[in-house]
Amino acid sequence: PSGSLHTNFKLTTGGEYLALVNDDATTIVTEFAPAFPAQFTDISYGTFRSGGSVVNLIGSSAAGVLIPTDGSLGNTWQLDSFAPSASWISGTGQGVGYDNGSGYLPFITTSVLTDMRGNGTSAFIRLPFDLTDASTITALSFTFRYDDGFVAYLNGTEIANRNVPANPAWDDVANSNISESANFETIDVSAFLTDLQNGGNVLAIHGLNRSSGSADFLIDVELQGKRDGRGRLSWGDLSAPAPDLPNSTGDTRGTEITST
């Protein structure tokens, strides 16, 4: 089946036998025998190949933002070849928005309070990035926190959307007010690996608010790329969590000390 899979059981932190069994209910595909080792809080454990990595492809990107006043750009701004004019805001980081309170402030690196509130319901956001060899990226995941809706494009191809009408126009609004306790996700977008290209790329986001007078607005995103390791398959503590991606690098354990 596609998508993320979840178990309906819990494992003890002290270690126990664990196996993945084929659908014939007999054949063991892989197993921890006699048991996986004791686990540490907030540290993932599993298989990895040395030399692999997970990197935020837009981690050094600076957001370019436009609060559109008409539809004259069409979809051209979603492409890497587009050249923003002087009317675009030259931002910093990957978090765009505003908040009259304080809840979203830790995620905002480019404020659009003056430009957007009372003036529009859309923000066009461009996050350019470069790849020397796009073929080395073997999996992609997309992490987003938003209020109230968005459509995301990778080099002009839509890769995700939430809480927006179909094909939203520059002056459309989000479908509803989003719950601030349910507006954060990570999804697998590896189906769009072929849209990556050598050289310049752009992740473009059309962010939509519920109204121009809304008290807050947020688009904060990451695009994580997985590069496979070339070393032998090992078991160990993983160096970084990689939801919806193959495991990255890790550290194998030495001899476990159970008493002194």
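Computed from heavy atoms alone, side chains included, the values below leave out hydrogens, waters and symmetry copies. All of these numbers come straight from a predicted model, not from anything done at the bench.
For the residue pair Arg210 and Asp148, the shortest heavy atom distance occurs at N-OD2, 3.0 Å. Contact record, Ser122 with Pro68: O-CD, 3.4 Å, taken as the closest heavy-atom pair. Minimum interatomic distance between Gln39 and Ile43 (heavy atoms only, all atoms of both residues): OE1-O, 4.4 Å. Across all their heavy atoms, Gly225 and Leu140 have their closest contact at CA-CD2, 4.1 Å. In terms of heavy-atom proximity, Leu127 sits nearest to Ala62 at CD2-C, 4.2 Å.
Between the side chain of Asn183 and the main chain of Arg145, no donor-acceptor pair closer than 3.5 Å is present. A donor-acceptor contact shorter than 3.5 Å is absent between the side chain of Thr186 and the backbone of Phe142. Distance alone, capped at 3.5 Å, is enough to place a donor-acceptor pair between the Ser61 side chain and the Pro128 backbone. Side-chain atoms of Asp195 do not come within 3.5 Å of backbone N or O of Asn155 as any donor-acceptor pair. A donor-acceptor pair is defined here as one N or O able to donate and one able to accept, closer than 3.5 Å; no such pair exists between the side chain of Thr110 and the backbone of Val96. Judged by distance alone, the side chain of Ser214 and the main-chain N or O of Ser211 form no donor-acceptor pair under 3.5 Å.
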Worksheet item: Given Phe124 and His206, is the side chain to side chain contact (heavy atoms under 4.5 Å, CB included) satisfied, shown in steps?
Response: CA-CA 5 Å; Phe124 294 167; His206 181 178; 3.7 Å; yes
Worksheet entry | Stepwise side chain to side chain contact (heavy atoms under 4.5 Å, CB included) test for Thr143 and Phe184 | CA-CA 8 Å; Thr143 297; Phe184 178 79; 3.6 Å; yes
Item to complete: Could you check Thr136 against Leu131 for side chain to side chain contact (heavy atoms under 4.5 Å, CB included), going step by step and ending with a plain yes or no?
Response: CA-CA 9 Å; Thr136 63; Leu131 289 175; over 6 Å; no
Worksheet item: side chain to side chain contact (heavy atoms under 4.5 Å, CB included) between Val221 and Ile125: does it pass, once the steps are laid out?
Response: CA-CA 11 Å; Val221 295; Ile125 303 165; over 6 Å; no
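The distance from atom CZ of Phe192 to atom CG of Leu154, rounded to the nearest 0.5 Å, is 8.5 Å. To the nearest 0.5 angstrom, Leu196 atom CG is 10.0 Å from Thr157 atom OG1. With values rounded to the nearest 0.5 angstrom, Ser141 atom OG is found 8.5 Å from Glu222 atom CD. For the atom pair CD1 of Ile67 and OG1 of Thr114, the computed distance is 10.5 Å after rounding to the nearest 0.5 Å. Going from atom CG of Leu11 over to atom OH of Tyr45 covers 13.0 Å, rounded to the nearest 0.5 Å. To the nearest 0.5 Å, atoms CG (Asp147) and CG (Asp99) are separated by 8.0 Å.
Between Phe144 and Tyr146, the ring-plane angle classifies as tilted under the 30° and 60° cut-offs.
The side-chain hydrogen bond (donor to acceptor under 3.5 Å, both in side chains) pairs that include a residue from residues 123-134 are Asp133-Ser135, where partners are two or more places apart or lie in different chains.
Side-chain atoms of Ile159 and Leu203, non-hydrogen and from C-beta on, do get closer than 4.5 Å to each other. The shortest side-chain heavy-atom distance between Arg227 and Ile137 falls under the 4.5 Å cut-off.
Leu208 and Ile205 sit in two unconnected hydrophobic clusters of ILVMFWY residues. Membership requires side-chain heavy atoms under 4.5 Å apart, directly or through other members. No path of Ile, Leu, Val, Met, Phe, Trp and Tyr side chains, each step under 4.5 Å between heavy atoms, connects Leu73 with Val65, placing them in separate hydrophobic clusters. Cluster annotation: Leu113 and Leu105 are assigned to distinct hydrophobic clusters (Ile/Leu/Val/Met/Phe/Trp/Tyr, side-chain heavy-atom contacts under 4.5 Å, transitive). The hydrophobic clustering, which links ILVMFWY residues whose side-chain heavy atoms are closer than 4.5 Å, places Ile89 and Ile219 together. By the criterion of side-chain heavy atoms lying less than 4.5 angstrom apart, applied directly or through intervening Ile, Leu, Val, Met, Phe, Trp or Tyr residues, Trp88 is not grouped with Phe217; the two fall into different hydrophobic clusters.
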Would you give me the side-chain donor-acceptor pairs under 3.5 Å for residues 16-25, sequence neighbours excluded?
residue : atom : partner : partner atom : Å
Glu16   : OE2  : Thr12   : N            : 2.8
Tyr17   : OH   : Glu31   : OE1          : 2.6
Asp24   : OD1  : Thr26   : N            : 2.9
Asp24   : OD1  : Thr27   : N            : 2.8
Asp24   : OD2  : Thr27   : OG1          : 2.6

Could you give the side-chain donor-acceptor pairs of residues 167-178 under 3.5 Å, partners two or more places apart or in another chain?
residue : atom : partner : partner atom : Å
Asp172  : OD2  : Ala169  : N            : 2.7
Asn175  : ND2  : Val164  : O            : 3.2
Ser176  : OG   : Asn163  : OD1          : 3.0

Side-chain polar contacts of residues 77-84 - donor-acceptor pairs under 3.5 angstrom, sequence neighbours left out - could you list them?
residue : atom : partner : partner atom : Å
Trp77   : NE1  : Gly74   : O            : 3.4
Gln78   : NE2  : Asn75   : OD1          : 3.3

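Among residues two or more places apart in sequence or in another chain, the side chain to side chain donor-acceptor pair (under 3.5 Å) test is passed with Tyr98 by Asn209. Partners of Arg162 according to the salt bridge (charged side-chain N to carboxylate O under 4.0 Å, His left out) rule, which considers only residues two or more places apart in sequence or in another chain, are Glu185.
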